[in-house]
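Remember, it's a predicted structure, so these values are computed and weren't measured experimentally.
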There are 2 protein chains.
Amino acid sequence: MTSIKDVASRAGVSVATVSRVLNDSPAVRPGTRSRVIAAVADLGYRPNAVARSLRTHHTHTLGLVISDVLNPFFTELARAVEDAARARGYSVVIGNADERAALQDHHVRTLLERRIDGLLVSPTDGGNEVIRDAAAAGTPMVFVDRWIRGLDVPVVHADGRAAVHDLVAHLYALGHRRLAIIGGPSETTTGDERVGAFRAALEAYGLPLPREYTGQGDFQTESGRRATAAFLELPQPPEVIFAADNLMALGAMDELRRRGLRVPDDIALAAFDDIPWFLHTDPPVTAIAQPTGELGHRAVAALIDLVEGRSAASVTLTARLVTRRSCGESEGKSR
Amino acid sequence: MTSIKDVASRAGVSVATVSRVLNDSPAVRPGTRSRVIAAVADLGYRPNAVARSLRTHHTHTLGLVISDVLNPFFTELARAVEDAARARGYSVVIGNADERAALQDHHVRTLLERRIDGLLVSPTDGGNEVIRDAAAAGTPMVFVDRWIRGLDVPVVHADGRAAVHDLVAHLYALGHRRLAIIGGPSETTTGDERVGAFRAALEAYGLPLPREYTGQGDFQTESGRRATAAFLELPQPPEVIFAADNLMALGAMDELRRRGLRVPDDIALAAFDDIPWFLHTDPPVTAIAQPTGELGHRAVAALIDLVEGRSAASVTLTARLVTRRSCGESEGKSR
DNA sequence: ATGGCGGATGTAATCGTTACCACGGACCGC
DNA sequence: GCGGTCCGTGGTAACGATTACATCCGCCAT
């Protein structure tokens, strides 16, 4: 591989000068500069970011650890993050935790060894040691969507409580009284809070949320299927299933379909996180939409503030309800 | 940040010894080893992968440049790639080209500067200079799904011709005669070949593929919508639309829905690339499924062979047709 | 004429590791 | 008892960049 030395000797200058033109420092004569540029082109030289990072102590790279790449919400988030980062001259390295704490730790460790400048994480669990240590050690860090309580780390997320309330109102208006939820792992904030918001909204309508109507999922498809099966085997199954993310909703649909049940006639369905496919499912699914793109942009902005030595505050956006046909016919507006 | 030197002085040994235990070289006495390990733990030391890479000339990292993260096919591929790589001790850095050649080049350049050990790419265009240069320079490289002709780079992909033929047979049997396709950019091999396979299959049935029935898409949702709109404005619209990827199929569904057309009664729809959502769309979509996971695994295996100095050959798997209701009722088996 | 100044360039230290070589001591065989 | 091996360990030169500091040179003001 050609190095800065090769360029220097070909251009007849010192490595310092080459470095200067590469980092376009003003203090180099136009003639020299163009000779260096020519040498770079001739040799097809590409600066070695590894060496550069070793010397400068920054990598211009952000780490993003997401809970599940297969979840369209997270891939949209990842995309927004990458866009925002690139616009500011940073690249991003994604780690997919696949909803497994061990895998998440693996990625955090790897990213830390790589000396990424800052870390964006949507934690899969609650009390993570690796992440705690990193935060304590002063690694610039921002949580997106989910977070870990008790850490002094800015959080960028969307508050879904109002939307959940709207959803319950919608369901109530349609005559539904027995509502069930498939929640995420209670160690995750989103797992916890979505159930909490749902319960609070139900209370406002004087509706109970019995234990057997709170299914335990892990945000992945299969758990949605299982929880749905459990609901359906109850002596008195619910009239509505609210899945706390889109993948569990997919699982629920799998199971309903397998049993030949029709939505919304036999049972209603709603989901947290809206995705393009929900418009075309049978039937289109009522969902709570997060401002995913903005979440990503804000998170990157906050993280870069931290990385560059400024301070950053948490950001709370709001999610909104998008009603479709999956809970029953009514005003039935879509999108 | 604590370095190997700090560990060395705390353990009362030299940096060389610390390095030895870190890379578990056998030549170190158990007692010394445990003192070093203790020092590492006390200090919370994390090896600096940047420095290590500078010295060893490898990063144990693979680059993966995919055409579009928002496409479930590619995210599934990415996931498989990451799994396979991790199992072999490599990490992967993903670059999302968003179907734009310029962005793809940006990522390839960045990855090359990062000195990734090898590159997995699913090219967005046909004649890429950056990629050609990299290949010529001897960067270990493997193409997945799509490739660039005329380069001596192994290709791991799925042959869809038989499946396309089956699809056409299926459509023919259902009585369809006017079949249209929304193709990808002709510079991409998948764009090109899928149209070619479709045309060949039609010929086998004595069916024409008029120019106005070959829509020009770019593998993204919006282009599928536009091409569909164009088809529908023809004096004689097609009876079937075959989208060359799932995102364009989504766009097609958007447009059909907007116009109040029903699938398959008013028009039939099929897609290349099967995804979980297709089972639950209205109606479930007939699609050609690629062995995505295996594609990812094989590609990683081939790339690592190259990286580690072995040779690697191209791999061709085969795609298969999954019939659902979107082309009309018949035997109607699903999944 | 000379001292001073500033702009362009070179020299060399440095970042954190690894890997090569050297060294000292223990052990073995004769 | 002595030379040779082997084993555990330390010293140190790279790896490829950046950057503080030194140097050189031309020019201007006095």
Side-chain angles (χ1 to χ4, degrees), chain A residues 1-40 43-61 89 109-117 137, chain B residues 1-40 43-61 89 109-117 137:
Chain A
M1 200 94 244
T2 107
S3 88
I4 201 175
K5 247 182 241 164
D6 307 314
V7 176
S9 67
R10 180 172 243 266
V13 298
S14 75
V15 293
T17 301
V18 176
S19 173
R20 274 186 278 259
V21 348
L22 258 30
N23 297 285
D24 37 42
S25 137
V28 41
R29 230 172 342 171
T32 318
R33 176 180 304 271
S34 50
R35 259 184 308 142
V36 170
I37 291 178
V40 166
L43 270 48
Y45 166 75
R46 268 189 206 308
N48 183 329
V50 173
R52 189 204 304 266
S53 294
L54 177 59
R55 182 61 235 250
T56 61
H57 296 282
H58 50 251
T59 49
H60 268 269
T61 299
R109 258 190 298 263
T110 310
L111 291 168
L112 256 22
E113 289 186 2
R114 282 260 161 80
R115 298 298 192 262
I116 45 121
D117 292 341
Chain B
M1 203 92 245
T2 108
S3 88
I4 203 175
K5 247 182 241 164
D6 306 315
V7 177
S9 67
R10 181 172 242 267
V13 298
S14 75
V15 293
T17 300
V18 177
S19 175
R20 273 186 279 258
V21 347
L22 258 30
N23 297 285
D24 37 43
S25 135
V28 41
R29 230 174 340 174
T32 318
R33 176 180 304 271
S34 51
R35 259 184 309 145
V36 170
I37 291 178
V40 165
L43 269 46
Y45 166 76
R46 267 190 207 308
N48 183 329
V50 174
R52 192 205 301 264
S53 295
L54 176 59
R55 184 60 237 248
T56 61
H57 298 281
H58 51 250
T59 49
H60 267 268
T61 300
R109 258 190 298 263
T110 309
L111 291 169
L112 255 22
E113 291 187 0
R114 282 264 160 77
R115 298 298 192 262
I116 43 122
D117 292 341

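Distance His60(A) NE2 to dA17(D) P: 17 Å, rounded to the nearest Å. Straight-line distance from the CD1 atom of Ile4(A) to the C1' atom of dC15(D): 13 Å, rounded to whole Å. When rounded to the nearest whole Å, the span between CG of Leu54(B) and P of dT14(C) equals 17 Å. Here dT9(C) presents its C1' atom at 11 Å from CZ of Arg35(A), a figure rounded to the nearest Å. Taking atom CZ on Arg46(B) and atom C1' on dC15(C), their separation rounds to 20 Å, with Å as the unit. Counting to the nearest Å, the P atom of dG26(D) and the CZ atom of Arg29(A) are 10 Å from each other. For the pair Met1(B) CE and dG16(C) P, the computed distance is 10 Å after rounding to whole Å. For the pair Lys5(A) NZ and dA12(C) C1', the computed distance is 12 Å after rounding to whole Å.
In this structure Arg35(A) satisfies the side chain to side chain donor-acceptor pair (under 3.5 Å) test with no other residue, sequence neighbours excluded.
The two residues Ile4(A) and Val15(A) have their closest heavy-atom pair at CD1-O, 3.8 Å. Between Ala11(A) and Ala39(A), the shortest heavy-atom distance links the atoms CB-CB, 3.8 Å. The shortest heavy-atom contact between Thr59(B) and Val50(A) is CG2-CG2, 4.5 Å. When all heavy atoms of Arg115(A) and Arg46(B) are compared, the closest pair comes out as NH2-O, 3.0 Å.
Across all strands shown, Val50(B) has no heavy atoms under 4.0 Å from either base or sugar-phosphate atoms. As judged by a 4.0 angstrom heavy-atom cut-off over every strand, Val18(A) is placed among residues making no nucleic acid contact.
Considering only side-chain N and O atoms, Ser19(B) lies nowhere under 4.0 angstrom from the phosphate OP1 or OP2 of dT17(C). Taking 4.0 angstrom as the limit, Thr56(B) places none of its side-chain polar atoms (N or O) nearer than this to OP1 or OP2 of dT17(C). For dT18(D), one of the phosphate oxygens OP1 or OP2 lies less than 4.0 angstrom from a side-chain nitrogen or oxygen of Arg52(A). Here Arg55(A) does not reach the OP1 or OP2 of dT19(D): none of its side-chain N or O atoms lies under 4.0 Å away.
Contact check for Ile37(A) versus Val21(A): side-chain heavy atoms found under the 4.5 Å cut-off. Using a 4.5 Å heavy-atom cutoff, the side chains of Arg10(A) and Leu43(A) are in contact. A 4.5 Å side-chain heavy-atom check between Thr17(B) and Arg20(B) finds at least one atom pair inside the cut-off.
Nearest to the side chain of His57(A), among dT18(C), dT9(C), dC15(C), sits dC15(C). Ranking dT9(C), dG16(D), dT17(C) by closeness to the Tyr45(B) side chain, first place goes to dT17(C). Between dA17(D), dT9(D), dA8(C), one nucleotide has an atom nearer to the side chain of Thr32(B) than all others, and that is dT9(D). The nucleotide whose nearest atom lies closest to any side-chain atom of Asn48(A) is, among dG16(D), dG16(C), dG10(D), dG16(D). Distance from the side chain of Ala16(A) is smallest to dT19(D) among dG8(D), dT19(D), dG16(C). Of the listed nucleotides (dT11(C), dG11(D), dT17(C)), dG11(D) has the atom at the smallest distance from the side chain of Ser14(B).
Looking at which nucleotide of DNA chain D each of Val28(B) and Arg115(B) is closest to, the 5′-most match is held by Val28(B).
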Under 3.5 Å, which protein N or O atoms sit close to an N or O of nucleotides 21-25 of chain C? Give each pair with its distance.
none

